[in-house]
Number of protein chains: 2
Amino acid sequence: MTVSKPAEKSAEKASEATKGRKEAPEGQSQGLAEALQLGELSEQLGYVLKRAQLKVFENFLRCMASLQLTPAQFSVLLLVEKNPGRNQTEIASTLGILRPNFVALLDNLESRDLCARIRSTNDRRSHILVLTDKGKAVLTRAKKLVATKHESRLNELLGQANREALLGMLSKIANEF
Amino acid sequence: MTVSKPAEKSAEKASEATKGRKEAPEGQSQGLAEALQLGELSEQLGYVLKRAQLKVFENFLRCMASLQLTPAQFSVLLLVEKNPGRNQTEIASTLGILRPNFVALLDNLESRDLCARIRSTNDRRSHILVLTDKGKAVLTRAKKLVATKHESRLNELLGQANREALLGMLSKIANEF
DNA sequence: CGATAATTGTTATGGATCATATCAAATATC
DNA sequence: GATATTTGATATGATCCATAACAATTATCG
């Protein structure tokens, strides 16, 4: 059980209700729901972090809808492009994906002709990963979508300097916590 | 498939290997794996955000091991404490948890006598949620653990001012993105 | 060399999380 | 008072994450 997206339905009601709000006359108030107090929750880094992460992924998926790429798939394509000739174990473990779970992910990318497994001549156990031409083309388009629709919105929201500061702090947490 | 924790095994090897590294004499190099280049991945906010979130949750669970509280359970206790007398729908939706999934979570907390469902007299459909005495006591201890073991480490790592700035930016993303 | 150990990709499988449809009881609406 | 809505709950499926085990291949070491 983790944190998912919050509800907005009761918020609508609340906004209706809080207008003509009486000072809680006790009793059963016929009660249109009040907005709940988050209290210390809004100070919990884990809580806010998870919420933000869900929002970012959600937006990422919307931006990538035309290419049908999930964050994980995008990260694989990026990593394979940057490190061609590596095998599944290396790519997967760098991304923190367990090898068994990486198989289906790759099956998907390969079935869409974005990525290819090539038997290594050095070590015939391993599969070298490379992007296909289509894979490179799709990745190029994906990067553009991310830059123009996704990361740009973050720059609007936070400002360039803040966005970089945020990234730095998150990296620090990811690497040194 | 999302981002999980990265691997360190190949990193060990790489550190061994990169010492006496030859300038890639072509061919089959007998190859001890090199550290992979993350490239643009380390600039992707979603990627770094997810990594940081996993680390924070992981640390949270370690800090709470003695109380056996997950982040989600902790958030429920916090919210019920701050908003006593609310029903399941209100608490769940505020946390972004769907009602069906909230049932088992509550069953757990109730079976451990941390939280109680009380039939509302106003609306006999709904269950009012309250913390039990044990629930209050456990929550108090949990808060202390979080403050001393969890959030304090973040202050060490980032500094007080940065930690607050981080929280502010994440809240902004969570609410306005 | 040859026996044993380790690695690679894979399958099977279970757990945890998340989402939808549906239901009975209770309440609201008209 | 008939109909619609809400609440908590169950059932169920999808997705993600983790472990064990296997065949093929390679590495290790006596």
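Protein chains get the first letters and strands the later ones, always in sequence-line order, with residue 1 at the start of each.
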**Request:** Scan A:K50, A:E43, A:R51 and name whichever one has a side-chain hydrogen bond (donor to acceptor under 3.5 Å, both in side chains) with A:Y47.
**Result:** A:R51
**Request:** Mark yes or no for a side-chain to base donor-acceptor pair under 3.5 Å between A:R124 and D:dT25, with no hydrogen or angle criteria applied.
**Result:** no
**Prompt:** What's the CG-C1' distance between B:N101 and C:dG15, to the nearest Å?
**Reply:** 15 Å
**Request:** For the pair A:V103 and A:R99, evaluate side-chain contact (heavy atoms from CB on, under 4.5 Å) and give the outcome as yes or no after the intermediate values.
**Result:** CA-CA 7 Å; A:V103 173; A:R99 268 137 349 200; over 6 Å; no
**Prompt:** Out of D:dT26, C:dG9, D:dT10, which has the shortest distance to the side chain of B:V103?
**Reply:** D:dT10
**Atom-pair distance (CZ on A:R99; P on C:dA12), nearest Å** = 19 Å
**Asked** Within this structure, what is the CD1-to-P distance between A:I91 and C:dT8, rounded to whole angstrom?
**Response** 13 Å
**Request:** Name the closest nucleotide to the A:T89 side chain, picking from D:dA24, C:dG9, D:dG8.
**Result:** C:dG9
**Item:** Selected nucleotide, minimal atom distance to A:L98 side chain, candidates D:dA18, C:dC18, C:dT10
**Value:** D:dA18
**Request:** Take atom CZ of B:F102 and atom C1' of C:dT17, then tell me their distance rounded to the nearest Å.
**Result:** 15 Å
**Prompt:** A:R119 has an atom CZ; how far is it from atom P of C:dT8, in whole Å?
**Reply:** 13 Å
**Asked** Parallel, tilted or perpendicular: which fits the ring planes of A:F177 and B:H150, with parallel below 30° and perpendicular above 60°?
**Response** perpendicular
**Message:** What is the separation between atom NZ on B:K50 and atom C1' on C:dT17, rounded to the nearest whole Å?
**Reply:** 10 Å
**Interatomic distance, B:H127 NE2 vs D:dT6 C1' [rounded to whole Å]** = 13 Å
**Fill in**
By nearest-heavy-atom nucleotide on DNA chain D, the more 5' of A:P100 and A:R125 is A:P100
**Request:** Show your working on side-chain contact (heavy atoms from CB on, under 4.5 Å) between B:L79 and B:L129 and close with a plain yes or no.
**Result:** CA-CA 10 Å; B:L79 197 62; B:L129 298 183; over 6 Å; no
**Request:** Could you check how far CD of B:Q53 sits from P of D:dC17, rounded to whole Å?
**Result:** 10 Å
